2 protein chains.
Amino acid sequence: MSTNTSGRAQPRQLSKESIVQAAIELIAREGAQALTVRRLGIELGVDATAFYRHFPDKDALVLAIGDHFAGWVYERVQTLVAPETSWQDQIRAVARASWEAIELFSGAMALTFARTSGGEPERHMVELLLEIVEPLGFTPERTVIVYRMLADAFLALTGMNATFESLEPSLQEKDLSAWSRIYAVQSGKGYPAIRRHVKELISVEDKAIFDFTIETLIRGIAAMAEEAGK
Amino acid sequence: MSTNTSGRAQPRQLSKESIVQAAIELIAREGAQALTVRRLGIELGVDATAFYRHFPDKDALVLAIGDHFAGWVYERVQTLVAPETSWQDQIRAVARASWEAIELFSGAMALTFARTSGGEPERHMVELLLEIVEPLGFTPERTVIVYRMLADAFLALTGMNATFESLEPSLQEKDLSAWSRIYAVQSGKGYPAIRRHVKELISVEDKAIFDFTIETLIRGIAAMAEEAGK
DNA sequence: ACCTGAACACCGTTCAAGT
DNA sequence: ACCTGAACACCGTTCAAGT
């Protein structure tokens, strides 16, 4: 009698890597709220508590998942930039890779965007962003604050969008209909500015807002660099 | 024999408002993860399931909490602005009120910053921000995208900081020590840019980064308004 | 060295029953 | 009209026992 009749479930021998992989697949397939130790056990064909032989607790798994997607973003950026790429286009590459990660890892990003593991992929991302900002000729204090402005903006904006994307479909619909309730305020009195912009409020897209924000930050940095440089 | 010997617990008669109030106090006192239907029942001196006579489910409570803090931010902004306040200072007032809300409502903000209820306080905030941006003379499309850039930046950045602030103390310490592990990369090889900025990376403060980001966005908007206006 | 499975102390939510 | 309390289907985690 086979012990593997339930579709998934294969590896008898667990490892940190196989658990992280299974967790990411589970989240991608069924959302962030499906990530439970028991579901993971079923996924891996193993008793749920075997998990605790490889991670001290669930939070450690969440941080490991965060490292995995930070690593993915870092690798993706490498494919988008060349040595002669301008600093503006390097920032755009990080923005693009971060946004693309939402499609692949929204659940994982929602769980981890406000967390820090201190792992290698995170150190790589810090180094990468600092190296983009450093040649602009700011003071060390200013270099660091510009780097953090970019890092926090990427994390916070993609994290917020990922949080929404990883909501249960029914909650997502609830929020979308709440927006249309706001924007369809046609009730005669109140909210004149909203009523003047209903069409635009409904049609604007999240990706366009994200890109517009990044361009605004790039322009601001360029203006500061010009002032500081000469 | 009194039925109210346990410190808290007083109202026999529940209402949406008393539940939201108790939930906010509970979160402020014990963190976002302490908000459970059962704990709320104890807090209110009532069987846990009485909750379901006033809210369809826990998510509805979360959205009501979100409305409460959106209302607080809106009221706070009203005390910070006058009719003659410049658009720049109006944006700074919203930023300041949003940041102050983290101290008071970090747990509530962490739960709700990526959600929309469509309630009155949210409509007020949308109207407020649109009215700040509208006089700058952009096209309707541009007006809306600038409004959303500001709204999303406020929500995402304060939400990310609130998420961290509302973490259990032990997880907060874990993340802080992870940062110092990143920044103390003194291991001879690798991460040269990080090593060049260790001092600044350690000393930079989240509030300063938030303020710097807002100022950069304000500058960017001003530059665009100048181009568009003439 | 790793996995199992019972157990503990929790969750959100439903529903028949009470007042 | 609202509250109670048993019950259901879950959680994360611990620990003695197995191999």
Side-chain angles (χ1 to χ4, degrees), chain A residues 1-4 6 8-20 22-23 26-27 30-65 107 110-112 115 166-171 174, chain B residues 1-4 6 8-20 22-23 26-27 30-65 107 110-112 115 166-171 174:
Chain A
M1 62 275 221
S2 167
T3 56
N4 186 23
S6 59
R8 223 148 308 276
Q10 275 167 33
R12 274 294 79 116
Q13 194 72 342
L14 258 40
S15 67
K16 263 173 133 72
E17 292 70 33
S18 66
I19 292 173
V20 168
L26 177 60
I27 292 172
E30 314 202 24
Q33 86 292 342
L35 182 66
T36 72
V37 176
R38 278 173 172 79
R39 293 291 306 272
L40 220 36
I42 295 169
E43 205 76 5
L44 290 159
V46 118
D47 186 273
T49 63
F51 169 80
Y52 291 94
R53 247 50 61 195
H54 298 88
F55 288 96
D57 52 30
K58 194 186 164 183
D59 188 66
L61 172 62
V62 166
L63 292 181
I65 293 169
L111 288 171
T112 62
R115 304 297 310 280
S166 72
L167 243 38
E168 288 171 44
S170 66
L171 295 184
K174 198 157 80 163
Chain B
M1 63 274 220
S2 166
T3 57
N4 186 23
S6 59
R8 226 146 308 278
Q10 277 166 30
R12 274 294 75 116
Q13 194 72 344
L14 260 39
S15 68
K16 265 174 132 70
E17 292 70 32
S18 67
I19 292 173
V20 168
L26 178 60
I27 291 172
E30 314 202 24
Q33 86 291 344
L35 181 65
T36 73
V37 177
R38 279 173 172 82
R39 292 291 306 271
L40 219 36
I42 294 168
E43 206 75 3
L44 290 159
V46 118
D47 186 273
T49 63
F51 168 81
Y52 292 93
R53 249 49 61 197
H54 298 89
F55 288 96
D57 52 31
K58 193 186 165 185
D59 189 66
L61 172 62
V62 166
L63 292 181
I65 293 170
L111 287 170
T112 62
R115 305 296 309 280
S166 72
L167 242 40
E168 288 171 43
S170 66
L171 294 184
K174 197 158 80 165

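These figures come from a predicted structure and were not determined experimentally. In the text below, chain A, chain B and the rest are named by the order of the sequence lines, each starting its count at 1.
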Partners meeting side chain to side chain contact (heavy atoms under 4.5 Å, CB included) with A/A23 (sequence neighbours left out) = A/L35, A/L40, A/L61, A/I65
Taking Watson-Crick and G-U wobble pairs with both distances under 3.5 Å, convert DNA chain D into its dot-bracket string, 5' to 3', dots for unpaired and | for cross-strand pairs.
-> ||.|||||...|||||.||
Looking at residues at least two apart in the chain, or sitting in another chain, which of them share a side chain to side chain contact (heavy atoms under 4.5 Å, CB included) with B/E168?
-> B/Q33, B/S170, B/L171
Figure out the CG/C1' separation between A/L14 and C/dT4, and round it to whole Å.
-> 13 Å
How long is the line joining CG of B/L40 and C1' of D/dC3, in whole Å?
-> 15 Å
Could you note down all residue pairs passing side-chain hydrogen bond (donor to acceptor under 3.5 Å, both in side chains) where residues 53-65 of chain B supplies at least one of them, sequence neighbours left out?
-> A/K174-B/D59, B/D59-B/R115
Return each pair, listed once, that meets ring pair (Phe, Tyr, Trp, His ring centres under 6.0 Å) where at least one residue sits in residues 33-52 of chain A; pairs must be two or more places apart or across chains.
-> A/F51-A/F55
Under the side chain to side chain donor-acceptor pair (under 3.5 Å) test, residues paired with B/T49 that sit two or more places apart | B/D47
Restricting both atoms to N or O, compile the protein contacts to nucleotides 11-17 of chain C shorter than 3.5 Å, with distance only.
residue : atom : partner : partner atom : Å
C/dC11  : OP1  : B/T36   : OG1          : 3.4
C/dC11  : N4   : B/R38   : NH2          : 3.2
C/dG12  : OP1  : B/V37   : N            : 3.4
C/dG12  : OP1  : B/K58   : NZ           : 3.1
C/dG12  : OP2  : B/V37   : N            : 2.8
C/dG12  : N7   : B/R38   : NH1          : 2.5
C/dG12  : O6   : B/R38   : NH2          : 2.9
C/dT13  : OP2  : B/Y52   : OH           : 2.8
C/dT13  : OP2  : B/K58   : N            : 2.9
C/dT13  : O5'  : B/Y52   : OH           : 3.2

Can you find a side chain N or O atom of B/H54 that sits less than 4.0 Å from OP1 or OP2 on D/dA1?
-> no
Interatomic distance, B/K16 NZ vs D/dC2 C1' [rounded to whole Å] | 15 Å
Side chain to side chain donor-acceptor pair (under 3.5 Å) involving A/S15 - partner list, sequence neighbours excluded = A/S18
Sorted by chain and number, sequence neighbours left out, salt bridge (charged side-chain N to carboxylate O under 4.0 Å, His left out) with A/R39 holds for A/E30
Going from OG on A/S166 to CD1 on A/I27, what distance comes out if it is rounded to the nearest 0.5 angstrom?
-> 9.0 Å
